[in-house]
Amino acid sequence: MSAEGKVVSVTGASGYIASWLVKLLLDRGYTVHATVRFLDNPKETQHLLALDGAKGRLSLFEANLTTEGSFDSAVSGCICVFHTASPVTFASVDDPQMELLDPAVKGTLNVLKSAAKVQSLKRVVLTSSLAAVLFCDKLRCGVVDETWFSDPAICEQRKVYLSFGRAAEVFVFWGEDQSFNSGSTPTALWYQLSKTLAERAAVNFSKENGLDLVVINPAYVIGPLLQPTLNFTSEAFMRFIETGKEVFADGIYMLVDVRDAATAHILAFEKAEANGRYCIVGDVVRSSEIKMILDKLYPDLGYCLGYKDKCVETKLYCVSKAKAESLGVEFTPLEVSLKDTVESLKEKKFMNL
């Protein structure tokens, strides 16, 4: 479809996926209304304003997820709203309701209420997560697909342990049956719960108010950063690369390139037949496979000394790509994503190799 003259809105535009979404929308010729938390914060705005096409076709708006009506101006006159804004952390939080649940759920409803007022609107595309898919009473074997839905009760009741690294609270899931460091903290799956409840609220509101909603459920996102700050998941993955310390206790990683996740959002709008939700997962791999690729790309990491002995033959489950591929998503090879991740972290001086 021709994008010239078409106006769309992206919430949380300074984020990891959203920054790429803004870039790719501008590259396609769209005019973009992008929201950030603070217009006077150059770390949120400068990289967006520097994008090709930004001059003349990118407008920035200040908006707050928990303030009703805050998104009215940003979505006015738009044909699509891409709602990506939501807090992302797997670390322990002091007040889960205020720090995660309210911004995710109430924030989503506030954006949708603003969108419902726009007569020109054709569709809303919501950034959910595979976290809203996996945490249910089904066994993690076989094929995961869009019919899986996380159970809020399981998210709230299940306890995991987090072992923290630096002050930025880099996390490691140790699971329920592992040996924990003395500093480990038991916590519920608050992030997973926030994404599950936000998606559910969005689906219900859209049905009740006649909005055409399509949901994107990305896996753990890797790939190059556009924003100048180090987002939570990129930092956790960087620590894994640097130290070999697992992000997930079972050593199984469901990954997707950030560029593929952003492209999926655009296709979910542009394809008239798009509907429901889409699991966006490029690869399901063991950590040993990631280390083998990194060892080939960056021998100085020294992974060749240990990854072969640490390859545990955990039974892999897989995530169906059928619906994502029907949308037109073409997944970036894992080796390319890993190399681009490392090179981006090096370029921004977050990582030294």
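Starting from 1, each residue takes its place in the sequence as its number.
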side-chain contact (heavy atoms from CB on, under 4.5 Å) for L25 and I266? Distances and angles first, verdict last.
CA-CA 7 Å; L25 286 166; I266 299 173; 3.8 Å; yes

Quick check against the 3.5 Å criterion: does [X] have a side-chain atom that pairs as donor or acceptor with the backbone of [Y]?
X    : Y    : value
R123 : V214 : no
N275 : E273 : yes
T341 : S337 : yes
E289 : R286 : yes
E99  : D95  : yes
Q192 : A132 : no
T11  : T84  : yes
T263 : D260 : no
E44  : R37  : yes

What's the separation between atom [atom1] in [X] and atom [atom2] in [Y], rounded to the nearest 0.5 Å?
X    : Y    : atom1 : atom2 : answer
L327 : E270 : CG    : CD    : 9.5 Å
E347 : L225 : CD    : CG    : 10.0 Å
L26  : T31  : CG    : OG1   : 8.0 Å
F205 : N110 : CZ    : CG    : 9.5 Å
W20  : D257 : CH2   : CG    : 8.0 Å
C78  : K122 : SG    : NZ    : 12.5 Å

I'd like to check the side chain to side chain donor-acceptor pair (under 3.5 Å) partners of Q46; sequence neighbours left out, ordered by chain and number.
none

Tell me whether the rings of F82 and F269 are parallel (<30°), tilted (30 to 60°) or perpendicular (>60°).
perpendicular

Can you label the angle between the F237 ring and the Y220 ring as parallel, tilted or perpendicular, going by 30° and 60°?
tilted

So N209 and L112, side-chain contact (heavy atoms from CB on, under 4.5 Å) or not? Walk me through it.
CA-CA 9 Å; N209 292 273; L112 293 180; over 6 Å; no

Tell me whether [X] shares a hydrophobic cluster with [Y], the cluster being built from Ile, Leu, Val, Met, Phe, Trp, Tyr side chains joined at under 4.5 Å.
X    : Y    : result
V203 : F149 : no
L39  : L48  : yes
W148 : V284 : yes
L126 : L109 : yes
M292 : V336 : no

Audit row: S287, E246, side chain to side chain donor-acceptor pair (under 3.5 Å) steps and yes/no:
CA-CA 8 Å; S287 59; E246 300 287 4; 2.6 Å; yes

Determine which pairs satisfy side chain to side chain donor-acceptor pair (under 3.5 Å) with at least one residue from residues 65-76, sequence neighbours left out, and list them in order.
N64-T66, D72-S114, D72-K117

Qualifying side chain to side chain donor-acceptor pair (under 3.5 Å) pairs with a residue from residues 193-203, counting only residues at least two apart or across chains:
S128-E199, E199-N217, E199-R277

Are any of the side-chain heavy atoms of [X] and [Y] separated by less than 4.5 Å?
X    : Y    : result
V22  : L51  : yes
L294 : V342 : yes
I17  : H265 : yes
L334 : L255 : yes
V36  : N41  : no
L301 : D295 : no
V125 : C80  : yes
L226 : K23  : yes

Could you give me the CA-CA distance, side-chain angles and deciding distance for K321 and V281, then say whether side-chain contact (heavy atoms from CB on, under 4.5 Å) is met?
CA-CA 7 Å; K321 294 183 180 180; V281 184; 5.8 Å; no

Check the surroundings of atom [atom1] in [X]: do more than 12 heavy atoms from other residues, nucleotides or ligands lie under 6.0 Å from it?
X    : atom1 : result
K348 : NZ    : yes
K346 : NZ    : yes
Q119 : CD    : no

Using every non-hydrogen atom in the two residues, find where [X] and [Y] come nearest and quote the distance to one decimal.
X    : Y    : result
V105 : A198 : CG2-N, 3.8 Å
I280 : A261 : CG2-CA, 4.3 Å
L65  : P103 : CD1-O, 3.6 Å
V10  : A18  : CG1-CB, 4.1 Å
A274 : A268 : CB-O, 3.4 Å
G223 : Y16  : O-OH, 2.7 Å

Taking the six-membered ring for Trp and the single ring otherwise, decide whether the centroids of F71 and F61 are under 6.0 Å apart.
no

Counting the benzene-type ring for Trp, do F240 and Y253 have ring centres under 6.0 Å apart?
yes

Cut-off 3.5 Å, side chains only: do H33 and S59 have a donor facing an acceptor?
no

Pair S19, H47: side-chain N/O donor-acceptor within cut-off below 3.5 Å
yes

Have a look at L345 and tell me which of E235, E242, M351 forms a side-chain contact (heavy atoms from CB on, under 4.5 Å) with it.
M351

Is the NZ or CZ atom of K6 both under 6.0 Å from the centre of the six-membered ring of Y30 and within 45° of that ring's axis?
no

Using the rule given for side-chain contact (heavy atoms from CB on, under 4.5 Å), can you reason through S9 versus V32, listing the C-alpha separation, both sets of side-chain angles and the distance that settles it, and then say yes or no?
CA-CA 6 Å; S9 179; V32 181; over 6 Å; no

Is the shortest distance from a Lys or Arg side-chain nitrogen in D340 or R259 to a carboxylate oxygen in the other one below 4.0 Å?
yes

